[in-house]
Peer 1: 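What follows is a structure written as structure tokens; I'll ask about it next.
Quantities reported herein were computed from a predicted structural model and do not represent experimental measurements. We name chains A, B, ... by the order of the sequence lines, and we start the count at 1 in each one.
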Amino acid sequence: MNSSNTSIQYQNNAFTGLNKAQVEAVETLEGPLLMLAGAGTGKTRALTSRIAHLIATDTAKPNQILAVTFTNKAAREMRERVDSMLNASISGLPWLGTFHAICAKLLRRHAELIAVEETESSKPNIHLKSDFTILDTLDQIRLLRQVLAEKRIDPQLLSAKELLRHIDNWKNRAVLPAAVSESDVAGLPEEVTACYAAYQQRLIELNAVDFGDLLLHMVKIFQTQPRILQKYQHWFRYILVDEYQDTNVVQYMWLRLLAAKHKNICCVGDDDQSIYGWRGARLENILNFEANFPGCHVVRLEQNYRSTPHILAAAAAVIRQNKNRLGKELWTSEEFGEKVRLVAHYDGSEEAYWIAENIAMLHLGASGMPPFALKDIAILVRTTYQMRAFEDAFLQHQLAYRVVGGLRFFERAEIRDAIAYLRLALSATDDLAFERIVNTPKRGIGDVRKQKIEQCARSNHVSLFEGTRIVIETGEIKGKEAKALNSLLQMISKWNELVRENRETSVELTQRILDESGYVQMWKNDLTPEAPGRVENLEELVNSVGEFQFLQDFLDHVSLVIDNDSDREEDKVTIMTLHAAKGLEFPVVFLPGWEEDLFPLQRVAKESGTLGIEEERRLAYVGVTRAEKICTISYADNRLKFGEWEARIPSRFINDLPDANIKVVSDSNAVDYDQDETSWDSQLEVQAASANVYNSPGWRRLASRGGVNDMAPPPKKNKSRMIADDSSQFAVGQRIFHQKFGYGSIFAIDGDKVEVNFEKSGQKKLLASFVYDLDNIPI
DNA sequence: TTGTGGGTCTTTTTT
DNA sequence: AGACCCACAA
């Protein structure tokens, strides 16, 4: 790196809220540095500048900088920005990533230092090997189910899911099985600690780690191996942490250990945006930073460059209600902008409809305002199940959308199966993978034969792979099932060899594995409507393997790095949870479902009381501050819950919004909006929620007294659904649309089913209710 | 062993 | 309303 590289332009970096000394601190200061930065103040930009400056001045080499981000997306963006600031692709920064990704990399180097102690004299010590597999939540649950069954604990009393929650929690706080305290297990069956211990032991036996272990193991190694710790302490000259308010106990320990030598730790965070308390994040980490890292500098970033004054004021009013905060007031030099819009709806689907229509108008550029691209618009929901209503509404309005964080690519069954095959190709002893695919495709191995294999493996202290071999040899399983199993074993051995020889590329290997196993064929033979999509996903999987030289790297990537919004460049409306929206910004934001019990979520209030409500409030703050220009909050009077209609009360957060900064939108007061220069056409408002007495301007007062829902009528059936209820609406030759198969035309009608010739997916016979009538869609 | 139907329970938020 | 689990039949 050329040390005279001065291409970094700080005056462009929007630090005008800082004085010269502060800018210098942000760029170059040695020693602990805390940046307290509000929403939209450019904190990540500040971190980026610091990294670029360190490299440009040759203060540190790229690989001596440890930079931790909260998401992989943030890491990728930071890397891109550093590159562009340095005006070069430095292709360095190997230690930029999430805590988990960085720890996985470190642990691959030192895994063998982690062992389970000898428990039975017959068993040798077992060490973790560097080719360990990283389990995801679904694997963990499977494993915990086994543990619970072994300990004969009634799943009603303690479900695997609940146990996982507790174990996660303990791991986040660095509580090992031996250190679980009385208060940790209060109200739980007493065997729960033994379950935790058994789970940990099983993990090592399986040569596997879970997400929590990645960090926990590294802290353990650092604590017990001074030489290794010193090596990394020495190596990482500068440590930078983004979203510091969301770090947990283990992450804090890990950072402290690594920062102890150079003490160049620079953390950025906003106490008002701490929304991961449920996952072990400790607000104390940021509140006590100055005490934990003596002699630290504190820089405050309070100028907001993102939102209009009304949006900022509304957000501030909401967060001001929290007691537990450092307290800061954001300001902006912007003077104009829309007020925050507030809309009441009759029910959930009407809310989705209204928003879809409103988005369509914004996109078309309903006068006054320039048209917004769809990718500039986001809908932020509290829970994932709220997303469905919007998908429905968007399909019918033919608006392109993308769901972030719903079902993730690698969580789909076919991808998990395929990955199980890849894991076996790397290591035949991967029992979890083996168990997953012994009978996929079907090989006639049901519960009985599975158990035979398992018992055999266990009593011989070998893997399921070996166990299967023994079971065939002894004739415990014979006939065509034995034959099928035998060919599976041979395939796996062959793949193991091919991987070892390393002569085929990762893509060739993957293609071969999926073909030879008969897995792709299985889906090609499948006649269910999802099958073609699954085959497509498998093809996509093969393609993405190509980016990696080794399968192992690919598998790490899948479990640690993959981000679920690959098509972010496409012009689509984003639908995501408030949590997933952290760190992002959009010109137009919709915040639906601001109702008591949903937001704030009932369970949070029940389980965590006031602290929980404060976190929900911070979530509301995060939501509002994502918006640059237009922010629309809404709620529904009635909502379908578990198939039953339920009357709803507006969220308490709505009452915190100052009248001066909001505009209640409905048809009855459609023309009642500001006439400042950025105002837009009343057409928008005319499209507002359907007439209903609760949409009157005074609804908020009513609502705050709880009056609205006492009078709520039974929900009416929704108007003008464009989904066909039966095939009688269709005629042969008609053009239709299907969510999965796209466009097509009907060539036959059979009762409530239609036969369709799809442009892309060929001929299918489906229920008419899944088909959209193209001639009848509004707009 | 696999497919079906009727009964149950369901909804946090994620690296 | 939909996903999931269990009991029973083929």
Peer 1: Rounded off to whole Å, could you give me the CZ-to-C1' distance for the A:Phe70 and B:dT13 pair?
Peer 2: 10 Å

Peer 1: Is the A:His557 ring parallel, tilted or perpendicular to the A:Phe548 ring (thresholds 30°, 60°)?
Peer 2: tilted

Peer 1: Distance check needed: B:dT13 P versus A:Leu578 CG, whole Å only.
Peer 2: 11 Å

Peer 1: A:Tyr232 vs A:Phe222 aromatic rings, parallel, tilted or perpendicular, using cut-offs 30° and 60°?
Peer 2: tilted

Peer 1: Between A:Ser608 and A:Thr69, which is nearer to the 5' end of DNA chain B once each is assigned its nearest nucleotide?
Peer 2: A:Ser608

Peer 1: Please report the distance, rounded to the nearest Å, between CD in A:Glu607 and P in B:dT13.
Peer 2: 13 Å

Peer 1: Are A:Glu614 and A:Arg325 close enough, and set up right, to give a salt bridge (charged side-chain N to carboxylate O under 4.0 Å, His left out), and what steps lead you there?
Peer 2: CA-CA 10 Å; A:Glu614 292 216 340; A:Arg325 62 190 291 251; over 6 Å; no

Peer 1: Starting at atom NZ of A:Lys73, determine the distance to atom P of B:dT15, rounded to an integer number of angstrom.
Peer 2: 12 Å

Peer 1: Just how far, in rounded Å, is C1' of B:dT14 from CD of A:Gln251?
Peer 2: 12 Å

Peer 1: Classify the nucleic acid contact of A:Phe99 as base, sugar-phosphate or nothing, counting any heavy atom under 4.0 Å across all strands shown.
Peer 2: nothing

Peer 1: Is the distance from the ring center of A:Tyr276 to that of A:His579 below 6.0 Å?
Peer 2: yes

Peer 1: Tell me, for nucleotides 1-6 of chain B in 5' to 3' order, what letter each nucleotide earns: B for a base near a protein heavy atom under 4.0 Å, S for only sugar-phosphate near one, - for neither?
Peer 2: SSS---

Peer 1: Rounded to the Å, how far apart are A:Lys161 NZ and C:dC4 C1'?
Peer 2: 11 Å

Peer 1: Take the protein atom CG of A:Leu215 and the nucleotide atom C1' of B:dT14, then report the distance between them rounded to whole Å.
Peer 2: 14 Å

Peer 1: To the side chain of A:Arg279, which of C:dA3, B:dT14, B:dT12 is closest?
Peer 2: B:dT14

Peer 1: Ignoring hydrogens and angles, does a donor from either the side chain of A:Arg603 or the base of B:dT12 sit under 3.5 Å from an acceptor on the other?
Peer 2: no

Peer 1: Does A:Thr577 have a side-chain nitrogen or oxygen under 4.0 Å from the phosphate oxygens OP1 or OP2 of B:dT14?
Peer 2: yes

Peer 1: Counting C-beta onward and ignoring hydrogens, is there a side-chain heavy-atom pair between A:Glu481 and A:Arg443 closer than 4.5 Å?
Peer 2: no

Peer 1: Tell me the interatomic distance from A:Tyr276, atom OH, to B:dT15, atom C1', rounded to whole angstroms.
Peer 2: 8 Å

Peer 1: Choosing from B:dT12, B:dT13, C:dG2, which nucleotide comes nearest the side chain of A:Leu601?
Peer 2: B:dT12

Peer 1: Please answer whether B:dC9 and A:Phe642 are stacked, defined here as ring centres separated by less than 5.5 Å and planes angled under 30°.
Peer 2: no

Peer 1: Is there a side-chain contact between A:Thr71 and the phosphate of B:dT14, meaning an N or O under 4.0 Å from OP1 or OP2?
Peer 2: no

Peer 1: Taking the basic N atoms (NZ, or NE/NH1/NH2) and the acidic carboxylate oxygens, is any pair closer than 4.0 Å for A:Asp139 and A:Arg416?
Peer 2: yes

Peer 1: Do A:Phe599 and A:Phe653 make the cut of ring centroids closer than 6.0 angstrom?
Peer 2: yes

